[in-house]
Amino acid sequence: MGKLRVQSTRPPDAAAASLHLAALLQSCGRAGDIRRGRALHAHLLLSGAAIASTFLANHLITMYSHCTDADSAVRVFSAVPRPNHVSWTTLISGLAQNSMHRDALAAFAAMRRADVSPTQFALSSAARAAAALSAPRPGAQLHCVGVRIGFDTDLFVASSLAGMYSKCGLLDEACRVFDQMPQKDAVAWTSMIDGYAKNGSLKAAAVAFRDMKCEGLVAADQHVFCSALSASGGLKDGWLGRSLHCCIIKAGFELESVVRNALVDMYAKSGDLENASRAVKIDPGGWNVVSGTSLIDGYIETDCVEEALETYTELQRQGVEPNEFTFSSMIKGCAMQALLEQGSQLHTHVIKKSLIRDSFVVSTLVDMYGKCGLASLSINLFNETEYPTEIAWNAVINVYAQHGHGREAIQAFDSMTSSGIRPNHITFVSLLTACSHAGLVDEGLNYFYSMKDKHGIEPKEEHYSCIIDMYARAGRLDEAEQFISEMPIEPNAYGWCSLLRACWMQGNKELGQVAAQNLMKLEPHNTGIHVSLSGIYASLGQWEDVKAVRKLMRDSRIKKMPGFSWVDCNKKTHVFGSEDWSHPQQEQIYKKLEELSERIKEEGYVPDTSSLPLNIEDSAKERLLRYHSERIAVAFALISMPATKPIIVKKNLRICVDCHSALKLICKVESRDIIVRDNSRFHHFVKGRCSCGDYW
DNA sequence: TTAGGGTTAG
């Protein structure tokens, strides 16, 4: 068809014919019609004289680039005898458009070696390639070239340079380029707003948006609003988000797909799930995968996994196929709640949809199986990953950490670094946790100090808290105290909590009181602080102090939350309270608990009543401990679930020290893996041991 | 004939 049309409409002279062919090539490029483009190319080759024209060759390069056939574009360029500046620019831009960023930068260098002076077109395309590669060095070289030839303040060059610097995390440089621009348009503003937002300078992003509005020279377009919404979501600033929403409605962008997706995400990240849900549903074209996934993620981030599961079902009912983002969010939700069955089903769907190679998806699966107690399955899945990324390495190191395999975590860390993957601050949280749980204090300290010295990573509060936890678990309270006194920042709640528990275990009243006071400042409603404090006093027999803590709790209207444990069995959730005999199978459960009690005593179990700050007989305390909700849940699971399945129990409070000891022995005598996810962490009981050691 | 910006994940 294309060939016939060319022949039938051929204009009378050669110049006009060239223009006509160029217009046809342009239309093919715009339409992405490579079949017709190739027919035109064949026609040019046959017509001999025309192919010698650099003008038409340049059009061919553009056409192939727009049709995403960069190889053909390069072949055409290579055949041009004397490529001019447009040929070079077209090639560089075509390579950048087709994500061949290294080739684009190499073409820019080759153009300079060929003594062809760069145009503003070539500079902006090459800067885009440097931005995509996060390569500030070649980017800065491009900036120098721009300054030398006077294009550095050109609207296109400057906005792409500002974008390049901000994508490389160099906000000061980006700002300098931006400020020197004689005029700015919406693209330039978007580069800056987005640059701030993506680099975590969320307030600066919001200020830039306000500045743009105050200047009143440029109207915000869809892209500007998307970047501003992204910053607003990160700030969790509902007021700013709602103001942006009003501006968007006024500007008439509310129903634009990308803007609505950004709106949903903003509301979801701000925790306003009602408005997020409303924004998803106003789509006249039905749901879409991006906004649906943002809503799911919003529910998961606010611990509403049930609603996330419902939204996932609704998304599919609306005919929308979940993508890799949806799966990684959903699997994360299953990991948080230790929902092994739903997580395994999602794994099957991931395989069916060929998304198992996606780094985020595989990492969340590794994490999910780890949190559901299936460490070997998790590690096998990681080992099958051909090119594990930093995220996947972090996931597997964390699995080792959570399962108490400190040496294996260290080995994984060494393999990660020797394979050329750079660790980040998350890697070190997992690695230090692994050292802490396994009692590897010297190794943990070495890694902690190597963070800054060897890897250039400034330790944050979570890393400092890992070291406090490490000393606390090892019973080295003096060193923990010394470490805290030398810290450049205050410990966070996790750090004080670790210290408080260790003080309870060792009966260290003075340090325990310091930890409790600091923890109360950070978490005034944490009832666990009072429980721990009274535990310390009770362990020392100081019953008057126990009474004083109870009075303080009464006066402050702090009530200890009743403990509940629940277990999923045969697609049904069974909930148990302490001394709760309301379950239909109560007789069998009671019988099993009595049997377990005898068997673990034979294994050396001695009740630890220190967690009960009550001045009552030990035999009465023993009875209370025996019927704690987690033990009832485990007994129920043992008589109800197939022996091949791990037992996963969830508890709303922290597991007590006695249940911790008892469950270690129950898992041993029953040869069953037991996982207890309490309100603080996962405890994996395997072969008579717990992943967190003796420190519950 | 050739150019720059945007929305979902650990």
Side-chain angles (χ1 to χ4, degrees), chain A residues 18-19 22-23 25-26 29 53-63 65 84-94 96-97 119-128 131 151 154-164 166-167 185-195 197-198 221-230 233 256-266 268-269 288-298 300-301 322-332 335 358-364 366-367 389-395 398 424 426-427 430:
Chain A
S18 276
L19 284 173
L25 284 167
Q26 271 183 331
S53 155
T54 305
F55 173 78
L56 282 174
N58 294 347
H59 272 288
L60 273 170
I61 297 167
T62 309
M63 181 275 294
S65 298
N84 60 18
H85 67 274
V86 180
S87 319
W88 281 105
T89 304
T90 311
L91 176 73
I92 295 162
S93 129
Q97 278 164 20
T119 59
Q120 59 271 56
F121 300 97
L123 273 167
S124 51
S125 290
R128 180 185 172 185
F151 285 144
D154 171 87
L155 179 64
F156 280 68
V157 175
S159 60
S160 48
L161 283 172
M164 178 275 296
S166 68
K167 283 194 177 73
D185 64 0
V187 178
W189 280 106
T190 308
S191 288
M192 283 314 295
I193 296 167
D194 201 57
K198 293 253 164 55
D221 67 4
Q222 297 183 38
H223 304 300
V224 173
F225 279 124
C226 283
S227 298
L229 286 168
S230 168
E256 292 293 337
S257 178
V258 282
V259 177
R260 203 187 45 261
N261 293 346
L263 262 175
V264 173
D265 191 57
M266 178 275 294
K269 284 205 169 70
N288 75 65
V289 71
V290 177
S291 58
T293 301
S294 288
L295 183 60
I296 286 172
D297 206 55
I300 285 168
E301 288 300 320
N323 67 11
E324 62 274 33
F325 289 78
T326 327
F327 282 117
S328 66
S329 288
M330 288 299 301
I331 296 162
K332 181 184 164 193
D358 182 89
S359 169
F360 281 97
V361 172
V362 83
S363 304
T364 48
V366 167
D367 181 57
T389 60
E390 164 205 75
I391 308 162
W393 279 110
N394 287 353
N398 199 43
N424 62 15
I426 298 170
T427 321
S430 301

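Below, chains carry the letters A, B, ... as their sequence lines are ordered, and counting in each starts from 1. Here the structure is a predicted model, which is why all the values come from computation and not from measurement.
- No contact: Val259(A) has no heavy atom under 4.0 Å from any strand.
- Within 3.5 Å, a donor on the side chain of Ser328(A) pairs with an acceptor on the base of dA9(B), or the reverse.
- If you check dT7(B), dA3(B), dT8(B) against the side chain of Asn261(A), the one that comes closest is dT7(B).
- The side chain of Lys198(A) has dT7(B) as its nearest neighbour among dT7(B), dT8(B), dT2(B).
- When the nucleotides dT7(B), dG4(B), dT2(B) are ranked by their closest atom to the side chain of Gln26(A), dT2(B) comes out on top.
- When heavy atoms are screened at a 4.0 angstrom cut-off, Ser363(A) is found touching no nucleic acid atom at all.
- No contact: Glu256(A) has no heavy atom under 4.0 Å from any strand.
- Among the atoms of the strands shown, none is found under 4.0 Å from any heavy atom of Ala395(A).
- Side-chain atoms of Ser160(A) stay outside donor-acceptor range of the base of dG4(B), with no qualifying N/O pair under 3.5 Å.
- Defined by atom type and a distance below 3.5 Å, a donor-acceptor pair is present between the side-chain atoms of Thr427(A) and Asn424(A).
- Ranking dA3(B), dT8(B), dG4(B) by closeness to the Phe325(A) side chain, first place goes to dT8(B).
- Stacking annotation: Phe156(A) is stacked on the base of dA3(B) (ring centroids less than 5.5 angstrom apart, interplanar angle below 30 degrees).
- Dashed line: the shortest gap from a side-chain N or O of Gln120(A) to OP1 or OP2 of dG4(B) is not under 4.0 Å.
- Residue contacts for Asn394(A): at a heavy-atom cut-off of 4.0 Å it reaches a base atom on one of the strands shown.
- Here Glu390(A) pairs with nothing under the salt bridge (charged side-chain N to carboxylate O under 4.0 Å, His left out) rule; sequence neighbours left out.
- Between the side chain of Asp185(A) and the base of dG4(B) there is at least one donor-acceptor pair of N/O atoms closer than 3.5 Å.
- Using a 4.0 Å heavy-atom distance criterion, Ile193(A) is classed as making no nucleic acid contact.
- Distances from the side chain of Ile391(A) to the nucleotides dG10(B), dG4(B), dT7(B) place dG10(B) closest.
- Using a 4.0 Å heavy-atom criterion, one finds that Asp221(A) contacts the bases of the nucleic acid, with or without backbone contacts as well.
- Contact of Ser124(A) with dG4(B) (side chain to base): no donor-acceptor pair of N or O atoms is detected under 3.5 Å.
- Contacts of Ile426(A) with the nucleic acid, taken as non-hydrogen atoms under 4.0 Å apart, are absent.
- Here the side chain of Glu390(A) is nearest to one of dG10(B), dA3(B), dG4(B), namely dG10(B).
- When distances run from any side-chain atom of Thr293(A) to the nucleotides dA9(B), dT8(B), dA3(B), the shortest one goes to dT8(B).
- In this structure, Leu19(A) atom CG and dT1(B) atom P are separated by 9 Å, rounded to whole Å.
- Listed by chain and residue number, Glu301(A) satisfy the salt bridge (charged side-chain N to carboxylate O under 4.0 Å, His left out) test with Lys332(A) (two or more places apart in sequence, or in another chain).
- Here the side chain of Lys332(A) is nearest to one of dT7(B), dG10(B), dT1(B), namely dG10(B).
- Across all strands, Asn58(A) comes closer than 4.0 Å to base atoms (heavy-atom distances).
- At a cut-off of 3.5 Å, with distance as the only test, a side-chain donor of Thr89(A) or Thr119(A) sits close to an acceptor on the other residue.
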request  = Please report the C-alpha distance between Val224(A) and Asp221(A) in whole Å, then the side-chain angles of each, then the deciding distance to 0.1 Å, and finally whether the side chain to side chain contact (heavy atoms under 4.5 Å, CB included) criterion is met.
outcome  = CA-CA 5 Å; Val224(A) 173; Asp221(A) 67 4; 3.3 Å; yes
